[in-house]
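Here, residue 1 is the first one in the sequence, and each next residue gets the next number. Below, each value reflects all heavy atoms present in this structure, side chains not excepted, and no hydrogens, waters or symmetry copies.
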Amino acid sequence: MNYLIGAFKPACNISITFADGKNRKQVPLKKENGQTIMVPLFQSQENISGKISIEPVLGKKVEHNGVKIELLGQIVRELDVPGEIYERKTYPFEFSTVEMPYETYNGVNVRLRYVLKVTVSRGYGGSVVEYQDFVVRNYTPPPSINNSIKMEVGIEDCLHIEFEYNKSKYHLKDVIIGKIYFLLVRIKIKNMDLEIRRRESTGSGANTHVETETLAKFELMDGAPVRGESIPIRLFLSPYELTPTHRNINNKFSVKYYLNLVLVDEEDRRIVTVMRTTAVGKDLSLR
């Protein structure tokens, strides 16, 4: 029985280390099984380098048909020609100025991942594979023009409100500051909330599947407003897991954000006003 169990164990152990792993910033990444791990953080155009160590188990040799490393979806590097490994062997690797235009994204039905994959190719014994995730975040400079936004919405002869935000683009760690003015109130409003929603679309055409999730719900008012009343808005974005907007990435998926103002009357009827938001790099733009 012990022999059979050992037959299915990998012939070697593979470890992947980054050259600046001790000094590079680590960020949390949630895996498919729900477990959260800490992984290195990179930006586009950075070098990705380090070492691969392969160590045979139980001191036995490992016959192989080659060793390679892949930056999945982009680059493959051959590390070794076919041969044998008798003891721990280390291979340096480097991918220079790697173009990584899209940020790491973990959604409901889609994930955008950056992964290093090491393969020790073997015939009858089965190849040995090891994966190492890392996270990519890209940064954009503050916009040179950042105008305020004002909008009027309502229900004819029943409700007329005006929104005002102090600017049109927000850093993802910024604060949304604004006001809501009640110009006409002829229905009994019980409470008012501001929601941040993310809409994830996968597929295309008739096969498009959409998932919408509420990332934040912030109570702006509890009680009936009166004509002429002004309600302040002050919503901190840093506690929420916002990502850049993704527009039709490789014809696979898109991600959009919305700010929803939800008013509920005394009969529990909901009045929803939707404003689309656009997140670009580390900026969140209201449009």
Side-chain angles (χ1 to χ4, degrees), residues 6-106 110-140 243-244 246 249-250 252 281-282:
F8 292 99
K9 289 183 177 180
C12 58
N13 295 318
I14 303 173
S15 62
I16 305 171
T17 56
F18 291 94
D20 55 355
K22 292 183 178 180
N23 299 320
R24 180 170 290 274
K25 183 178 180 179
Q26 304 283 312
V27 296
L29 176 67
K30 184 177 291 186
K31 304 185 72 175
E32 291 179 342
N33 60 6
Q35 179 186 5
T36 299
I37 59 175
M38 300 299 292
V39 297
L41 175 64
F42 288 86
Q43 296 182 52
S44 184
Q45 301 296 325
E46 281 198 276
N47 296 338
I48 300 174
S49 61
K51 293 181 179 180
I52 308 299
S53 294
I54 300 174
E55 185 173 9
V57 298
L58 303 176
K60 295 182 179 180
K61 71 177 182 180
V62 176
E63 297 180 357
H64 64 87
N65 299 323
V67 179
K68 66 181 179 181
I69 182 171
E70 303 170 71
L71 180 51
L72 285 188
Q74 298 196 38
I75 310 167
V76 179
R77 294 277 190 272
E78 299 292 339
L79 299 177
D80 205 351
V81 298
E84 298 175 343
I85 300 176
Y86 292 90
E87 57 186 3
R88 184 184 183 90
K89 190 172 184 179
T90 300
Y91 303 89
F93 70 89
E94 180 173 4
F95 301 101
S96 300
T97 57
V98 182
E99 183 71 27
M100 297 176 287
Y102 309 118
E103 292 200 11
T104 300
Y105 173 73
N106 289 314
V110 65
R111 301 179 71 204
L112 196 161
R113 300 173 62 198
Y114 288 90
V115 185
L116 289 174
K117 176 185 177 183
V118 177
T119 304
V120 179
S121 301
R122 307 179 72 225
Y124 65 90
S127 298
V128 183
V129 180
E130 180 68 19
Y131 298 91
Q132 173 64 58
D133 283 87
F134 61 93
V135 166
V136 172
R137 289 180 184 165
N138 295 318
Y139 298 86
T140 56
T243 68
H246 294 285
I249 304 301
N250 292 331
K252 299 294 184 182
K282 298 300 288 183

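The backbone N or O of Asn138 sits less than 3.5 Å from a side-chain atom of Glu103, completing a donor-acceptor pair. For Asn65 (side chain) and Pro82 (main-chain N/O), no donor-acceptor pair under 3.5 Å exists by modelled atom type. In this structure, the side chain of Ser44 engages the main chain of Met100 through a donor-acceptor pair within 3.5 Å.
Within the structure, the ring pair (Phe, Tyr, Trp, His ring centres under 6.0 Å) test picks out the following pairs touching residues 17-39 (sequence neighbours left out): Phe18-Phe42. Residues in residues 40-50 take part in these salt bridge (Lys or Arg N to Asp or Glu O under 4.0 Å) pairs, two or more places apart or across chains: Arg24-Glu46.
Between Val62 and Cys12 the shortest heavy-atom distance is CG2-CB, 4.0 Å. When all heavy atoms of Val135 and Thr104 are compared, the closest pair comes out as CA-OG1, 3.4 Å.
In this view, Glu87 satisfies the side chain to side chain donor-acceptor pair (under 3.5 Å) rule with no residue, not counting sequence neighbours. Applying the side chain to side chain contact (heavy atoms under 4.5 Å, CB included) test to Lys252 and every residue at least two apart in sequence or in another chain returns Asn250. Considering only residues two or more places apart in sequence or on other chains, Lys30 meets the side chain to side chain contact (heavy atoms under 4.5 Å, CB included) condition with Thr36. For the side chain to side chain donor-acceptor pair (under 3.5 Å) test, residues two or more places apart in sequence or in another chain that qualify with Arg113 are Asp133. With sequence neighbours left out, Gln26 forms a side chain to side chain donor-acceptor pair (under 3.5 Å) with no residue at all. Taking the side chain to side chain donor-acceptor pair (under 3.5 Å) definition, one finds that Asn13 meets it with nothing, sequence neighbours left out. For Lys68, the side chain to side chain contact (heavy atoms under 4.5 Å, CB included) criterion is met by Glu70, Val76, Glu78, Thr119, not counting sequence neighbours. In this view, Lys25 and Val27, Leu41 satisfy the side chain to side chain contact (heavy atoms under 4.5 Å, CB included) rule, not counting sequence neighbours.
From Ile52, atom CD1 reaches atom OH of Tyr91 across 10.5 Å, with rounding to the nearest 0.5 Å. Atom CD in Gln132 sits 10.0 Å away from atom OG in Ser15 (nearest 0.5 Å). For the atom pair NE2 (His64) and CD1 (Ile54), the distance works out to 7.0 Å, reported to the nearest 0.5 Å. Atoms CG and CZ, from Asn106 and Arg111 in turn, are 4.5 Å apart once rounded to the nearest 0.5 Å. The OH atom of Tyr131 lies 10.5 Å from the CD1 atom of Ile16; values are rounded to the nearest 0.5 Å. Between the OG atom of Ser49 and the CZ atom of Phe93 there is a distance of 6.5 Å, given to the nearest 0.5 Å.
For the pair Tyr114 and Leu72, the minimum side-chain heavy-atom distance is 4.5 Å or more. Between Glu94 and Asn47, the closest side-chain pair of non-hydrogen atoms falls below 4.5 Å. Counting only heavy atoms from C-beta outward, the side chains of Ser53 and Arg88 approach each other to under 4.5 Å.
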The test is side-chain contact (heavy atoms from CB on, under 4.5 Å); show your working for Phe134 and Leu29 and say whether it passes. CA-CA 8 Å; Phe134 61 93; Leu29 176 67; over 6 Å; no
Between Val39 and Ile37, is the side-chain contact (heavy atoms from CB on, under 4.5 Å) condition met? List the steps. CA-CA 6 Å; Val39 297; Ile37 59 175; 3.7 Å; yes
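Side-chain contact check for Glu84 and Tyr86: at least one donor-acceptor pair (N or O, by modelled atom type) lies under 3.5 Å.
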